[in-house]
Amino acid sequence: MQRQKPKQNTRLLLRRLARLAAFCLLALGLVGLLDQVLWDKGGTILGFYEEPRDTIDVLFIGGSHANAAFAPIQMFERQGFTGYVLYSWSQPPWTGYHYLKEGLKTQKPRVVVLDAFGLTYGHTYMTDIQINSTSDQYSMLIRPGYNRLRLALAMSACQTNHRPFTDYFSLFQFHNRWKALKKEDWLWFLQDYSTTGKGYGPLYTTESFPAQVMPADTPENGLMEEPCEKYLRRFFALAQQEGFQLVVVALPYECTPEEYGIYAKTARLCAENGVPFLNYFDPATAAEAGFDWADDMAEHAHVNYKGAAKLSAHIADWLAARYALPDHRADAAYAAWQQAAAAENADLARMDLRMTADLAGILQKAQKAGYLTLLASRGVLAAGEPEGLEGVCAAFESAGLDTAALRAGSVGVGLWLLGPNGPEQQLWGRMGEELALARAFGPAGGPQAELAARANGHTLSIRLNGEELALDHDGISVVVADPVTGRLVQNICFDSADGYAPYTD
């Protein structure tokens, strides 16, 4: 009997080890599940995971500068290659490196375009403290796994606050999200996070700046942080290892001499490693793209949608001329990209019109986009400067609208309806006489909408689907609606008592 004890003890030990292993696996499974549930799923990189495997030709890596400047759908329309912007806010190069590693799990890009702004870490308009805070909040949006662990280690080691890498675990970083968890968080694996923008986020504001020019003889200043240079070299090595062409780009923003010195070093390191450096602070490059610092910046740090269109067109042509990028425009397998292009163009046209505040421009863009435009007069139109009314008449005439009554006395009440094919209704009456018009629209067999107006020269009512839109100003009111969706596009009034200045509220 004593000889059997070792065997019994061994079996008992094995059973206990098996139970311990099962418990550990169950605990790890539960921790992994909680990690997935608590993980913040608000980043656009989630849309990247929805892209079919090996269908992205160009990956764009960077922060908000890249998000605002690179429009993959517009590049697809122009040259036919596909792209995606893998960005996170205030993205330093170590974060960008692991975002690229994440992208390479499912895609084999022929070209990777890296936004150089992250290389100025610690020496730009954002302090390192600000960058750390933003990066801490928005970088850990890649899926849980080994690469995210490596990213946490890199952030802990490279950022100046040196937080413990365990702080970036979802269980610690997002533990407060349990209060706001939704069904979608528990069923994340059933959600569709696809996006038509492919990581592009257009900005619809405009602020003017003098042209930012990096002198050709700009010296290096030794300010590039050591982790930035280390990870730039890792990008070089990864390009060699994975077989893609790396391109580094300096995008427009209000730059400083210190940053120019960092970009001078970037240019040298790129040249030494056979990597092109496309610098939009070079006046020749900016001019080639047609970039206008007075009209193409959203604010000091980012280009607007007009600047993005120019930069995207330029870099699409630049990449297509140098690398063997495929043209998928005639490929039925990429029909979804054509559909995304149609949707993006519609959104851009709508937002471009919303950003337009001159009457002639609104009427021209509304007709080009196929919108319905209702114009109505209220009050004495000649109350302002004569040239103001002359400008109104010129805008009307450019759209084919009758201005005889306006020019004859400019006292009365008028309603005009302009469609994509020209004027549809034009009503003019004496002051106090009530005029009304209504226009139903909508897709055949689909939901119908109505744009209606009633005016007597003293009062004005404009309704879209029953919602009152008339603004409380004398002059010319303009309402633009999308006849396909029934949505309001523009609602603006040109005040006759204020020189026909535009008002939107």
Side-chain angles (χ1 to χ4, degrees), residues 60-66 69-70 90-100 111-132 135 154-155 157-162 209-240 245-289 291 293 297 300-303 311 314-315 318 322:
F60 299 89
I61 306 296
S64 58
H65 291 211
F70 295 129
S90 302
Q91 186 183 94
W94 43 89
T95 301
Y97 178 81
H98 287 286
Y99 267 58
L100 176 55
V111 180
V112 171
V113 177
L114 173 65
D115 170 22
F117 177 70
L119 299 171
T120 66
Y121 178 87
H123 304 284
T124 186
Y125 63 86
M126 290 186 72
T127 66
D128 54 344
I129 295 175
Q130 291 172 318
I131 293 175
N132 292 343
S135 185
M155 291 170 66
C158 297
Q159 292 178 182
T160 53
N161 56 354
H162 297 303
F209 293 91
Q212 306 286 298
V213 177
M214 177 175 167
D217 57 351
T218 298
E220 298 181 23
N221 54 21
L223 293 179
M224 183 185 288
E225 298 287 335
E226 186 275 332
C228 293
E229 180 176 347
K230 179 177 75 173
Y231 273 89
L232 178 58
R233 293 185 182 278
R234 287 192 176 183
F235 273 101
F236 297 154
L238 190 60
Q240 291 289 327
Q245 174 63 56
L246 180 66
V247 177
V248 180
V249 178
L251 294 166
Y253 67 98
E254 195 174 29
C255 204
T256 65
E258 290 76 16
E259 291 164 294
Y260 286 151
I262 293 174
Y263 290 145
K265 181 171 184 177
T266 301
R268 176 178 62 82
L269 293 174
C270 285
E272 291 174 355
N273 288 272
V275 171
F277 180 56
L278 191 59
N279 186 1
Y280 286 103
F281 296 110
D282 172 15
T285 304
E288 191 176 87
F291 192 82
W293 287 87
M297 293 296 296
H300 73 100
H302 306 91
V303 304
L311 296 179
H314 182 258
I315 199 166
W318 192 92
R322 287 162 176 79

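All heavy atoms count here, side chains included; hydrogens, waters and symmetry mates do not.
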For M214 and A264 the tightest heavy-atom approach is CE-N, 3.6 Å
Under the 3.5 angstrom rule, does the side chain of Q91 hit a backbone N or O of G62 as a donor-acceptor pair? yes
I need the minimum non-hydrogen distance between V248 and A116, along with the two atoms involved. CG1-CB, 3.8 Å
Atom CZ of F60 and atom CD1 of I315: how far apart are they, to the nearest 0.5 Å? 5.5 Å
Quick one: which of H65, Q212, E259 gives a side-chain hydrogen bond (donor to acceptor under 3.5 Å, both in side chains) with Y253? E259
What one should report as the nearest heavy-atom pair of A267 and F277 is CB-CD2, 3.5 Å
Who passes ring-ring contact (aromatic ring centres under 6.0 Å, His included) against Y125, sequence neighbours left out? F117, H300
So, is the end of the R233 side chain (NZ or CZ) under 6.0 Å from the ring centre of F236 and within 45° of the ring's axis? no
Let me confirm one number: the CG-CG distance from L114 to L119, rounded to the nearest 0.5 Å. 6.0 Å
Hey, does the side chain of N132 reach the backbone of Q159 with a donor-acceptor pair shorter than 3.5 angstrom? no
I'd like to check E229 versus K265 (side-chain heavy atoms, cut-off strictly below 4.5 Å). Are they in contact? yes
Please report the C-alpha distance between S64 and H302 in whole Å, then the side-chain angles of each, then the deciding distance to 0.1 Å, and finally whether the side chain to side chain contact (heavy atoms under 4.5 Å, CB included) criterion is met. CA-CA 8 Å; S64 58; H302 306 91; 2.7 Å; yes
Gap separating the CG atom of L223 from the OG1 atom of T120, nearest 0.5 angstrom: 10.5 Å
By salt bridge (charged side-chain N to carboxylate O under 4.0 Å, His left out), E220 pairs with (sequence neighbours left out) R268
Residues in ring-ring contact (aromatic ring centres under 6.0 Å, His included) with F235, at least two apart? Y97
Within the structure provided, determine whether T266 and M224 are in side-chain contact (heavy-atom separation under 4.5 Å). yes
Answer yes if the ring centres of H314 and F291 are under 6.0 angstrom apart, and no otherwise. no
Got more than 12 heavy atoms from elsewhere within 6.0 Å of CD, E258? yes
Roughly how far, to the nearest 0.5 Å, is the CG atom of L311 from the CZ atom of F70? 7.5 Å
Going through the checks in order, is the side chain to side chain contact (heavy atoms under 4.5 Å, CB included) test met by T256 and T124? CA-CA 8 Å; T256 65; T124 186; over 6 Å; no
Pairwise side-chain contact, C255 with Y263, heavy-atom cut-off 4.5 Å (strictly under): yes
First locate atom CD of E225, then atom CD1 of I262, and finally report the distance between them rounded to the nearest 0.5 Å. 8.0 Å
Approximate separation, where rounding is to 0.5 Å, of F209 CZ and E254 CD: 5.0 Å
With a 4.5 Å cut-off on side-chain heavy atoms, are C158 and P92 touching? no
Taking all atoms of both residues into account, what is the closest heavy-atom pair of D115 and A66, and its distance? OD2-N, 3.8 Å
Quick one: are V303 and L251 in side-chain contact, heavy atoms under 4.5 Å? no
Any side-chain heavy-atom pair of W318 and P276 under 4.5 Å: yes
Side chains of P93 and L232: closer than 4.5 Å at any heavy-atom pair? no
Going by heavy atoms in the side chains, are W94 and Y121 under 4.5 Å from each other? yes
What verdict does the side chain to side chain contact (heavy atoms under 4.5 Å, CB included) test give for T285 and N279, after you've listed the backbone C-alpha separation in whole Å, the side-chain angles of each residue and the deciding distance to 0.1 Å? CA-CA 7 Å; T285 304; N279 186 1; 5.6 Å; no
Which heavy atom of C228 sits nearest a heavy atom of G118, and at what distance? SG-O, 3.9 Å
For the residue pair N221 and G261, what are the closest heavy atoms and their distance? ND2-CA, 3.4 Å
